[in-house]
Amino acid sequence: MPLYDCMLLLKPSVKQEAVMDLITRIGKHAFRKNGVLTEVKSFGTVQLGYGIKKLDGRYYQGQMVQMTMMTPPNFNSELYYLNKEDRLLRWLLVKHRDIKFGNDFFGEDDSKSELRSFRSNLFENEDIEEDDGDEEYEVDEQSETKEA
């Protein structure tokens with residue numbers, strides 16, 4: 001099963017109990033589909049880049065929550081009930097990619113050799129002359145005096 005992040009942006013006035021109720025409801029829905037809720041992060045109240053207009057006003061702040069879960073691929077289409085949720089400003093479901101960083105990218109045994117070859121290639125090209133680039137910005141003093 002693929003790993004998904006469910007980002008929830010809730011209204012700033014929503015109580016913590018209501019937030020936990022919504023997270024529990026989504027987690028139970030994932031569990032019914034043989035999914036697993038692996039992590040929940042709360043980012044607290046965040047300032048928004050623009051106002052989000054809802055029926056009861058415009059919001060410039062929101063409570064951000066990230067839920068990481070393993071669910072079947074068709075789980076995305078079953079979250080339609082979040083569109084009718086009064087407490088939510090926005091929600092987004094993002095699928096994790098198989099991206100590796102650092103030594104995981106190179107593998108266990110060849111990571112040091114790859115890094116050494118990169119470092120040696122980096123310092124081999126030091127004899128290349130650097131161009132100052134001043135020729136682009138030469139100013140014709142005669143044309144400046146004519147304009148003034």
Side-chain angles (χ1 to χ4, degrees), residues 1-139 144:
M1 278 189 274
L3 197 63
Y4 290 96
D5 275 336
C6 184
M7 301 296 295
L8 304 172
L9 183 63
L10 296 108
K11 294 178 181 178
S13 60
V14 175
K15 302 285 186 219
Q16 193 68 24
E17 295 83 24
V19 173
M20 292 307 296
D21 177 50
L22 183 62
I23 291 171
T24 305
R25 203 166 97 200
I26 295 171
K28 284 181 181 178
H29 185 79
F31 185 71
R32 280 192 300 258
K33 300 296 178 183
N34 295 327
V36 176
L37 188 64
T38 59
E39 185 178 11
V40 177
K41 288 182 191 175
S42 176
F43 296 99
T45 304
V46 295
Q47 295 290 328
L48 304 177
Y50 58 91
I52 296 177
K53 187 177 179 184
K54 290 293 182 179
L55 294 175
D56 57 344
R58 187 173 293 270
Y59 294 92
Y60 294 93
Q61 292 181 342
Q63 296 181 42
M64 180 82 70
V65 177
Q66 176 185 356
M67 300 171 54
T68 305
M69 60 184 99
M70 269 190 204
T71 58
N74 62 353
F75 185 73
N76 185 16
S77 61
E78 298 172 5
L79 290 177
Y80 62 88
Y81 62 88
L82 291 177
N83 293 333
K84 296 181 178 27
E85 185 65 46
D86 291 353
R87 301 172 280 193
L88 277 176
L89 296 174
R90 296 278 191 269
W91 68 275
L92 176 70
L93 190 69
V94 180
K95 183 178 179 182
H96 276 245
R97 303 265 180 190
D98 293 331
I99 298 175
K100 297 181 179 179
F101 298 100
N103 286 339
D104 294 337
F105 178 75
F106 294 116
E108 291 296 324
D109 53 352
D110 62 343
S111 64
K112 291 182 181 177
S113 63
E114 286 287 332
L115 290 175
R116 280 191 198 116
S117 66
F118 174 74
R119 185 174 181 212
S120 64
N121 289 340
L122 184 66
F123 293 111
E124 281 179 1
N125 299 330
E126 285 185 354
D127 57 342
I128 298 174
E129 291 182 25
E130 292 187 22
D131 187 22
D132 291 337
D134 291 337
E135 294 82 28
E136 288 183 41
Y137 302 106
E138 288 183 8
V139 178
E144 281 184 3

Counting distance only, does the side-chain N/O of Gln61 pair as donor-acceptor with the main-chain N or O of Val46 below 3.5 Å? no
What closest approach, in Å, do [X] and [Y] show between heavy atoms, and which atom pair accounts for it?
X     : Y     : answer
Tyr50 : Tyr60 : C-CD2, 4.3 Å
Phe43 : Met7  : CE1-CE, 4.4 Å
Gly62 : Leu48 : N-CG, 4.3 Å

All N/O donor-acceptor pairs, side-chain side in residues 67-78, below 3.5 Å, sequence neighbours left out:
unit_1: Thr68; atom_1: OG1; unit_2: Asp5; atom_2: OD1; d: 2.7
unit_1: Ser77; atom_1: OG; unit_2: Asn74; atom_2: O; d: 2.9
unit_1: Glu78; atom_1: OE1; unit_2: His29; atom_2: NE2; d: 3.4

May I ask you to test the Val19-Leu8 pair for a side-chain heavy-atom distance under 4.5 Å? no
Is there side-chain contact between Val14 and Leu22, with heavy atoms separated by less than 4.5 Å? no
Look at atom [atom1] of [X] and say whether more than 12 heavy atoms of other residues, nucleotides or ligands are closer to it than 6.0 Å.
X     : atom1 : result
Met1  : CE    : yes
Phe31 : CZ    : no
Asn34 : CG    : no
Tyr81 : OH    : yes

Does the distance from a Lys or Arg side-chain N to an Asp or Glu carboxylate O, for Glu85 and Arg87, drop under 4.0 Å? yes
Mind checking side chain to side chain donor-acceptor pair (under 3.5 Å) for Tyr4 and listing every partner two or more places apart, or none if nothing turns up? none
Can you name the one residue among Leu82, Ile52, Leu10 that meets side-chain contact (heavy atoms from CB on, under 4.5 Å) with Arg90? Ile52
Would you compute the distance between atom CD of Gln66 and atom CD of Glu39 and round it to the nearest 0.5 angstrom?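 CD of Glu39 is found 6.5 Å from CD of Gln66.
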Which residue pairs pass the salt bridge (Lys or Arg N to Asp or Glu O under 4.0 Å) test with at least one member in residues 43-54, sequence neighbours excluded?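 Pairs touching residues 43-54 that pass the test: none.
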